[in-house]
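Taking it in order: structure first as structure tokens, then the write-up.
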Amino acid sequence: MNNWDVVDEHGMCSAEKDCEDAYRVCQKLDIPFHQVSYVKEYWHEVFSYFLNEYEKGRTPNPDVLCNKHIKFNHFLNYAIDNLGADAIATGHYARTSHEDEDIFQNQYLKSSQTLFRNRFEIRNNVKLLQAADFFKDQTFFLSQISQCALRKTLFPLGGLTKDFVKKIAAEAGFHHVLKRKESMGICFIGERNFEKFILEYLEPQPGNFVSIEDGKILGTHKGWFLFTLGQRARIGGLRDPWFVVDKDVATGDIFVAPCTDHPALFRDLLRTDRMHWIAEEPPAELVNNKMMDCHFRFQHQMALVPCVLTLNQDGTVWATLVKPIRALTPGQV
């Protein structure tokens, strides 16, 4: 699928190369090759939200959004409705609680448009499980997909390590794929100079870097949306590193601290928007007790941190962490 239609800074469109690589794999396996474009959908459902969040001073995760809205929604629906597929298989390092045979037997029930599903509907909910290769595990990026999508998805790499997958690819003769670099950067947009890229879409909003310790103005910047909590703020004329601890969108001020482990960078309490439950409804323990022990992460590969959830009446949740975490960032999943 092609979700972006602009060439990168080096004048080469990586989507064309991706398409060519996929086509060669299909030729070798003697299976049909299909291409779909979701440029419009990506713009409206992922990229516009991405820009809007940055303007509000938050830091969104477009990879998670892309999986939720594009790959495990439009792409999945196209495969089933237009191509007559029984399921989709993706290269994510993840597993589910169903065997492959179960996935083929699962009924395809599109997500309910209401908050609650039919209580008389019998279904064996699928759980999203970590991959065997903990280092490559990608369940974080799949954390917002729907139950109906998970019921129709296979993860063939879930029980394998990356090294073993490379060995299989080499033995199968897919050398052109093995030469590819790991994909990094923004989902489907690739590796770019972030400041240059974002300023093509958002007007500069100059403001000041302000010391969190004494309120002194240390320098200026082109926009609060160019910085996220915890990152180093490169301030002209200052040799020592300063780090972003907070942003004030109203004034344009970015507050910075003089060391990477400054106390102002750490938090142990956060509030969520409405929770997304993969099984479509909250765990009984949380509903009955209004509290639940679980584990927390807000970045891929971040070590899981024990925490306690407290359920609010509006469906939002407070999470209290057992230890403060550096640079807890609004807008993240």
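The figures that follow rest on heavy atoms only: side chains count, while hydrogens, waters and symmetry mates do not. As the structure is a computational prediction, the values presented were derived from the model and not from experiment.
No side-chain heavy atom of F72 sits under 4.5 Å from any side-chain heavy atom of L150. Contact annotation: the side chain of W277 approaches that of P283 to within less than 4.5 Å [non-hydrogen atoms, C-beta and beyond]. Looking only at side-chain heavy atoms (C-beta outward), F155 and T153 come within less than 4.5 Å of each other. Considering only heavy atoms from C-beta on, K247 comes within 4.5 Å of L229 through its side chain. Two residues are said to be in side-chain contact when any heavy atoms from C-beta on lie closer than 4.5 Å; R267 and L269 fail this criterion. Within the 4.5 Å cutoff, no side-chain heavy atoms of V210 are placed close to those of T251. At a threshold of 4.5 Å between non-hydrogen side-chain atoms, the residues L199 and P204 count as touching. At a threshold of 4.5 Å between non-hydrogen side-chain atoms, the residues F140 and R297 count as touching.
K71 approaches I88 most closely through the heavy-atom pair O-CD1, 4.3 Å. Smallest separation of non-hydrogen atoms from A264 and I212: CB-CG1, 4.3 Å. Of all the heavy atoms in L128 and I278, the pair that sits closest is CD2-CD1, 3.8 Å. What you find for T260 and L265 is that their closest heavy atoms are O-CD1, 3.2 Å. Here the shortest heavy-atom pairing between P32 and C26 reads O-SG, 3.9 Å. Across every non-hydrogen atom of F298 and A327, the tightest pair is CZ-O, 3.2 Å.
Using a distance-only test at 3.5 Å, with no hydrogens or angles considered, no donor-acceptor pair links the side chain of N77 to the main chain of H74. With hydrogens and angles ignored, the 3.5 Å screen pairs a side-chain donor or acceptor of H221 with a backbone N or O of G252. Remark: side-chain polar atoms of Q205 are not paired, donor with acceptor, to backbone N or O of W224 under 3.5 angstrom. With T272 contributing its side chain and V317 its backbone, the two residues share a donor-acceptor pair below 3.5 Å. Put simply, the side chain of N125 gets close to the backbone of A279: a donor and an acceptor are under 3.5 Å apart. Without hydrogens or angle criteria, E53 side chain to T59 main chain gives no donor-acceptor distance under 3.5 Å. A donor-acceptor pair is defined here as one N or O able to donate and one able to accept, closer than 3.5 Å; no such pair exists between the side chain of K136 and the backbone of K162. The main-chain N or O of V126 is found under 3.5 Å from a side-chain atom of Q147 such that the two form a donor-acceptor pair. Side chain of N288 to backbone of A284: a donor-acceptor contact under 3.5 angstrom is found.
For the residue pair D137 and T139, a side-chain donor N or O sits within less than 3.5 Å of a side-chain acceptor on the partner. For the residue pair Y49 / E45, no side-chain donor-acceptor distance below 3.5 Å is found, with atom types taken as modelled. Checked by atom type, the side-chain pair H92/T90 shows a donor-acceptor distance below 3.5 Å.
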Run the numbers on R271 and D314 for salt bridge (charged side-chain N to carboxylate O under 4.0 Å, His left out), then give the verdict. CA-CA 12 Å; R271 184 175 185 269; D314 61 359; 3.3 Å; yes
Please report the C-alpha distance between K323 and F266 in whole Å, then the side-chain angles of each, then the deciding distance to 0.1 Å, and finally whether the side-chain contact (heavy atoms from CB on, under 4.5 Å) criterion is met. CA-CA 9 Å; K323 65 175 184 179; F266 290 81; over 6 Å; no
Under the side-chain contact (heavy atoms from CB on, under 4.5 Å) rule, what do L321 and L328 come out as? Steps first, then yes or no, please. CA-CA 11 Å; L321 311 175; L328 264 181; 4.1 Å; yes
With side-chain contact (heavy atoms from CB on, under 4.5 Å) as the test, would you mind laying out the steps for D133 and V165 before giving the verdict? CA-CA 11 Å; D133 188 337; V165 171; over 6 Å; no
Under the side-chain contact (heavy atoms from CB on, under 4.5 Å) criterion, do M275 and L286 qualify, and how do the steps go? CA-CA 12 Å; M275 295 285 277; L286 185 59; over 6 Å; no
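Between F227 and F209, the angle of the ring planes goes over 60°, which puts this pair in the perpendicular group of the 30/60° scheme. Aromatic ring pairs are classed by plane angle as parallel below 30°, tilted from 30° to 60° and perpendicular above 60°; the pair W4 and W43 is parallel.
Under the 6.0 Å cut-off for aromatic ring centres, Y201 and F225 do not qualify, their centroids lying 6.0 Å or more apart. Aromatic pair F47/F50: ring centres closer than 6.0 Å.
Placement of I70 and I80 within a single hydrophobic cluster is found when ILVMFWY residues are connected by side-chain heavy-atom separations under 4.5 Å, directly or transitively. Residues L142 and M1 share a single hydrophobic cluster, defined by chaining ILVMFWY side chains whose heavy atoms lie under 4.5 Å apart.
Remark: E171 engages K167 in a salt bridge, criterion side-chain N to carboxylate O under 4.0 Å. No salt bridge links D81 with K152; every basic N to acidic carboxylate O contact stays at or beyond 4.0 Å.
Tested against F174 for a side chain to side chain contact (heavy atoms under 4.5 Å, CB included), the candidates K166, K179, K28 yield a single pass: K28.
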